[in-house]
Amino acid sequence: MTFPKAYIASEYEKNIYKLWEESGLFKADPNSSKPHFSMSMPPPNETGSLHMGHALFLTLQDIIARHQRQLGKDVLWLPGTDHAALPVNALMEQQLTEQGTNKHEIGREEFKKRTKEFVGNSRNQIISQMRAMGTSADWDKLRYTLDNTLNRCVNEVFFRMFNDDLIYRKYRIVNWDPKLETTVSDDEVEHKEETAPLYTLQYGPFQITTARPETKFGDKYVVMHPDDERYKQYKHDDTFEVEWLNGKVTAKVIKDEAVDMSFGTGVMTITPWHDKTDFEIAERHGLEKDQIIDFTGKLLPIAGKFSGENIEDARPKIVEKLDKLGLLIGVEDKPHNLAVNSRGKGVIEPQIMLQWFVDVNRPAVEWKGQKRSLKEVMRAVVEDGDIKIIPKRFEKIYFHWIDNLRDWCVSRQIWWGHQIPAWRKKGTDDDYVAFRNSTEAENKLGTKNIERDPDTLDTWFSSALWTWSTLIDKVYYEGDKDHEPHRRDNLESLLERSIDFDKYHPTTVMETGYDILFFWVARMILATTYTLRSAGLDEEKSLPFKTVYLHGLVRTEEGRKMSKSDPDSIIDPMEVIPEFGTDALRLALVAGTTAGTDQRVGKSKILANRNFANKLWNIARYIQETVGNNRGEPAPKSLADHWILNLLSISSEAVKKALANFKFHEAYEILYHFVWDDLADWYIEASKTEPNREVLNHVLETTLKIAHPFAPFVTETIWQNLEFEGLLAAQLWPEAADFDHTKAKQFDELKNIISEARRITVAVGVNKPTLLYAKSGLIEQNKELVKRLGRLGDVVEAAKPRGMRLVGAKNDAWLDIDPQIVKAYLANLKVAQKEQERFVKLLESRLSNKAYMQKAPDELVEQTENELRQAKKQLDTISNQLKSMS
RNA sequence: GGGCAAUUAGCUCAACGGCUAGAGCGCUUGAUUCACAUUCAAGAGGUUGCAGGUUCAAAUCCUACAUUGCCCACCA
């Protein structure tokens with residue numbers, strides 16, 4: 001096959017991917033005798049299209065997966081998609097509105113049916129986009145967060161937690177999104193700072209401040225700090241009459257430490273139904289709670305004539321009324337934190353509702369000989385080092401989150417998701433009871449006339465089971481009809497029969513973004529440790545993963561977040577790929593990545609990395625054209641051969657080590673410099689004097705292997721073009737070839753001579769000067785090489801020194817340049833001399849420092865001594881040269 | 001309010017106690033059609049945010065400050 005001049009990625013990538021996929025090498029084999037390595041892919045939303053965040057994690061995980069295969073492991077990289085409950089549900093409801101209908105009109109089943117159709121199409125799109133990234137996942141094992149197997153697991157976990165009293169259904173104050181009409185968890189609430197008017201109102205003898213006058217209708221408690229001297233004449237439980245919004249109310253004094261004395265007047269009224277703090281105060285003192293706002297954000301009859309009005313519309317009118325009543329004392333604009341739903345951006349309205357919660361404080365998990373709460377286990381696994389988080393600083397953040405964690409509200413009022421597996425007798429007010437499925441519910445409740453809780457579960461409840469639920473053999477549950485007998489199997493037996501679970505759990509690595517540490521990583525730890533321990537597995541097996549690597553956000557070149565609301569800020573990977581190639585994109589992403597840190601990516605970075613792919617291509621092209629694809633034992637002959645084999649072995653080891661430590665960026669940098677600087681600019685150029693077919697091919701072959709995890713497409717394309725055996729993707733990590741260290745070092749000396757000759761030539765502006773050398777085996781034997789690479793007119797032995805001495809070389813050599821011209825270089829030389837003197841002094845002072853000699857490691861001292869010797873020698877050379885010129 | 005991080009060349013970032021602080025992009029000068037102009041060679045450019053301290057040795061550790069970003073939190 002021929003090599004066109006430039007590597008045009010789009011011409012090869014699709015075919016190359018097909019080749020890999022058809023070869024089956026992405027498939028994991030649980031029966032393999034190789035060591036197993038496993039990693040779950042964070043499932044992208046099935047409705048989304050691939051963005052830079054996906055591109056980053058696919059790149060990093062693909063590097064991990066391909067590298068692990070190279071290390072001779074059986075690799076399972078399990079892909080999936082997420083049903084993205086909230087966004088999809090919102091999208092569907094919006095569609096229905098556009099069609100002039102709504103979910104209640106078409107009914108739950110129809111809603112689910114239409115949603116399934118809708119997402120089914122877009123799922124294929126994102127999967128094909130993942131393939132375009134080169135994703136070497138095992139597609140046969142593709143899972144979905146709303147498939148039957150996961151549903152089976154969700155029901156099982158819910159059922160178990162319910163029976164362990166870890167799940168309860170109670171009235172609690174929750175975050176309610178009136179726009180999407182559902183609750184959201186604490187973690188999904190975002191606080192957005194905005195400036196809003198803060199009203200001061202007269203409430204009986206007190207002045208109170210509020211940002212939300214529309215919630216004040218039912219206020220009948222006035223709260224102050226027990227130690228507040230200003231109000232010591234008022235006693236807890238004192239009552240008094242207040243002229244209020246809708247006439248007279250009887251107010252009661254409450255003393256509570258939650259009040260901040262320094263804020264405003266130190267007095268506040270409370271709205272327990274719509275405020276978390278107020279709710280807690282009310283709970284502490286057994287106060288009444290009145291609902292003011294309904295679940296769609298409208299005022300209730302308690303608001304009198306404002307009843308039925310939207311709070312936004314009613315607020316100014318209410319303020320007006322307060323003013324008329326003479327109750328409004330003042331208004332002041334103040335910064336204020338607005339709680340919004342991070343998903344749909346609806347403004348959160350706290351409400352007291354009957355919801356399902358996961359109790360995080362109840363000791364319920366047997367963990368290392370102790371009964372511990374979910375919180376405690378989450379803490380322990382990281383504290384004990386059973387799970388390692390990279391970078392480590394996120395461990396602190398994780399602990400802090402755990403310490404502040406409250407019970408997790410898991411029920412949602414949307415329809416798209418896993419419906420809560422809890423039933424009761426139809427038409428009753430009985431408490432719902434959890435069962436694994438409806439048949440069990442019918443049997444246990446003793447009637448077929450049952451109803452199921454209409455709510456669905458938080459999408460993270462199912463995602464939390466991702467690492468192990470995806471390893472349960474589908475055959476045991478998919479298509480319930482055919483496998484009816486297994487439906488009633490308990491979790492223990494499902495796990496036991498699933499060979500993947502046996503071989504691949506816990507997963508080796510979890511690679512994901514730090515932004516979902518709490519949402520996902522923490523919840524996987526919570527649910528997995530609980531469930532698997534309760535199924536009788538040991539602690540080790542019950543971990544979801546052993547190492548968590550967290551990457552950062554991909555930002556624009558200007559450091560902005562890429563966001564949908566700002567389309568110009570977005571770099572679409574699916575546009576980059578056809579233009580620059582997948583490898584260019586992957587390399588650009590790797591080049592800027594450090595664990596836990598955001599990175600900026602722009603076109604210029606992608607371009608630079610396309611050039612690297614092209615460099616590899618042209619190295620191969622050159623070798624193919626000059627020596628063909630001669631393979632065979634590499635027998636190094638020239639000094640350059642030894643030198644490159646040495647560097648190849650050093651670089652290969654360094655890349656491997658960096659990857660083992662998740663230092664992707666470092667690994668790539670080592671590779672980059674080896675390929676571009678050492679291989680292309682020195683070895684290949686040197687080899688033009690004395691091409692060594694076997695070594696050239698060996699170095700190319702090895703380089704392709706090392707580069708493959710980073711740039712799979714171009715390396716595999718080259719491999720195929722050169723008709724090397726099999727697939728590059730199936731090759732093992734290379735072993736080092738033999739070479740001679742002394743000869744490798746001699747080439748470094750040649751490099752020194754050549755570099756300096758070039759430098760002087762350019763600096764004094766002569767063309768192709770002659771290099772003179774004192775009797776020297778090294779230069780003499782490599783005359784041609786030195787002449788060509790040094791861009792010299794000739795290289796000849798000289799009886800007497802003449803011209804410009806090469807001061808950096810160990811061998812005596814001079815550039816035969818007119819003394820007049822040489823003088824032009826004098827200044828450079830003087831600078832060099834000064835620098836060298838400074839360096840010598842530095843080393844000398846270091847060595848004459850007693851403390852240094854005593855305390856520094858011997859190795860370092862020895863190294864310093866060597867350096868000093870060399871530095872002195874070079875200083876002499878420079879000085880001598882200067883002397884001869886003056 | 002609490003916590004975490006960042007601050008290094010014009011820009012984007014590496015070095016995380018020990019070679020004269022490095023790379024990519026950009027810039028300057030030059031080369032060349034012999035693998036690659038998606039090239040090659042050479043060069044300029046840094047008191048590592050500021051002030052102290054610890055150490056034989058500090059960009060790196062400690063303290064304070066400044067600026068920026070992020071996370072968490074019930075200030076009505």
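Sequence lines set the chain letters: A, B, ... in the order given, protein chains first and strands last, and positions in each chain run from 1.
Between the P atom of C70(B) and the CD atom of E193(A) lies a distance of 12 Å, rounded to the nearest Å. The OH-C1' distance, from Y683(A) to A35(B), rounds to 15 Å in whole Å. One can place CG of N611(A) at 15 Å from P of C36(B), the figure rounded to the nearest angstrom.
On a pure distance criterion of 3.5 Å, no polar donor-acceptor pair joins the side chain of K396(A) and the base of C4(B).
Using a 4.0 Å heavy-atom criterion, one finds that K688(A) contacts the bases of the nucleic acid, with or without backbone contacts as well. Using a 4.0 Å heavy-atom cutoff across all strands shown, K5(A) reaches sugar-phosphate atoms only and no base atom. Note on R610(A): a base of the nucleic acid sits closer than 4.0 angstrom, heavy atoms only. Here W676(A) lies in heavy-atom contact (under 4.0 Å) with sugar-phosphate atoms only. Counting any heavy atom pair closer than 4.0 Å across all strands shown, Q854(A) reaches no nucleic acid atom.
Using modelled atom types, one finds a donor on one side chain and an acceptor on the other under 3.5 Å when comparing T269(A) with K216(A). Side-chain atoms of R791(A) and T761(A) include no donor-acceptor pair closer than 3.5 Å. Inspection of the D186(A) and N175(A) side chains reveals an N or O donor paired with an N or O acceptor under 3.5 Å. For H225(A) and D256(A), the side-chain atoms include no donor-acceptor pair closer than 3.5 Å.
Residue E194(A) qualifies as enclosed at atom CD: its count of foreign heavy atoms under 6.0 Å is above 12.
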Show me the protein contacts with nucleotides 73-76 of chain B, counting only N or O atoms at under 3.5 Å.
{"residue": "A73(B)", "atom": "N6", "partner": "N337(A)", "partner atom": "ND2", "Å": "3.2"}
{"residue": "C74(B)", "atom": "OP1", "partner": "R406(A)", "partner atom": "NH2", "Å": "3.3"}
{"residue": "C74(B)", "atom": "O4'", "partner": "T277(A)", "partner atom": "OG1", "Å": "3.1"}
{"residue": "C74(B)", "atom": "O2'", "partner": "T277(A)", "partner atom": "OG1", "Å": "3.1"}
{"residue": "C74(B)", "atom": "N1", "partner": "T277(A)", "partner atom": "OG1", "Å": "3.3"}
{"residue": "C74(B)", "atom": "O2", "partner": "T277(A)", "partner atom": "OG1", "Å": "3.2"}
{"residue": "C75(B)", "atom": "O2", "partner": "D260(A)", "partner atom": "OD2", "Å": "2.4"}
{"residue": "C75(B)", "atom": "N3", "partner": "D260(A)", "partner atom": "OD2", "Å": "3.2"}
{"residue": "A76(B)", "atom": "O2'", "partner": "T209(A)", "partner atom": "O", "Å": "3.1"}
{"residue": "A76(B)", "atom": "N6", "partner": "D260(A)", "partner atom": "O", "Å": "2.8"}
{"residue": "A76(B)", "atom": "N6", "partner": "F263(A)", "partner atom": "O", "Å": "3.2"}
{"residue": "A76(B)", "atom": "N1", "partner": "D260(A)", "partner atom": "N", "Å": "3.2"}

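Checked against a 6.0 Å centroid threshold, the rings of Y231(A) and F206(A) count as neighbours. Between W617(A) and F3(A), the distance from one ring center to the other falls under 6.0 angstrom. Taking the six-membered ring for Trp and the full ring otherwise, F713(A) and Y12(A) have centroids separated by 6.0 Å or more.
On the P atoms, U7(B) is 14 Å away from C62(B), given to the nearest whole Å. Comparing the C1' positions of A31(B) and A5(B) gives an interatomic distance of 46 Å, to the nearest angstrom. A gap of 8 Å separates the P atoms of G17(B) and C61(B), to the nearest Å. Only the C1' atoms considered, A14(B) is 7 Å distant from G22(B), to the nearest whole Å. Across the P atoms, A35(B) and C40(B) are found 13 Å apart, a figure rounded to whole Å. A gap of 24 Å separates the C1' atoms of A76(B) and G3(B), to the nearest Å. A distance of about 11 Å separates the P atoms of C50(B) and U60(B), rounded to the whole Å. Atom name P, nucleotides U8(B) and A59(B): the rounded distance is 15 Å, in whole Å.
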Check your understanding: Which nucleotides of nucleotides 8-22 of chain B have their base under 4.0 Å from a protein heavy atom (B), which only their sugar-phosphate (S), and which neither (-), written as one string 5' to 3'?
Key -> ----SSS---BSB--

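Here K289(A) pairs with E283(A) in a salt bridge; the nearest charged N to carboxylate O distance falls below 4.0 Å. One finds no salt bridge joining K834(A) and E837(A) here, because no Lys/Arg side-chain nitrogen approaches an Asp/Glu carboxylate oxygen to under 4.0 Å. Between R523(A) and D187(A), at least one side-chain nitrogen of the basic residue sits less than 4.0 Å from a carboxylate oxygen of the acidic one, meeting the salt-bridge criterion. Electrostatic pairing of E784(A) and R788(A) does not count as a salt bridge here, judged by no charged N lying under 4.0 Å from a carboxylate O.
In the set A23(B), A35(B), U38(B), the nucleotide with an atom closest to the side chain of A680(A) is A35(B). Of the candidate nucleotides A35(B), C40(B), A42(B), A35(B) has the atom lying nearest to any side-chain atom of R621(A). Nearest to the side chain of Y622(A), among C70(B), A41(B), A35(B), sits A35(B).
If you find the closest nucleotide of RNA chain B to A608(A) and to A763(A), the one lying nearer the 5' end belongs to A608(A).
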Revision key, fill the gap. Intra- and inter-strand pairing of RNA chain B, written as dot-bracket with Watson-Crick and G-U pairs under 3.5 Å and | for the latter, reads (((((((..((((....[...)))).((((((....).))))).....(.(((..]....))).))))))))....

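Between the side chain of N697(A) and the backbone N or O of R693(A) there is at least one donor-acceptor pair closer than 3.5 Å.
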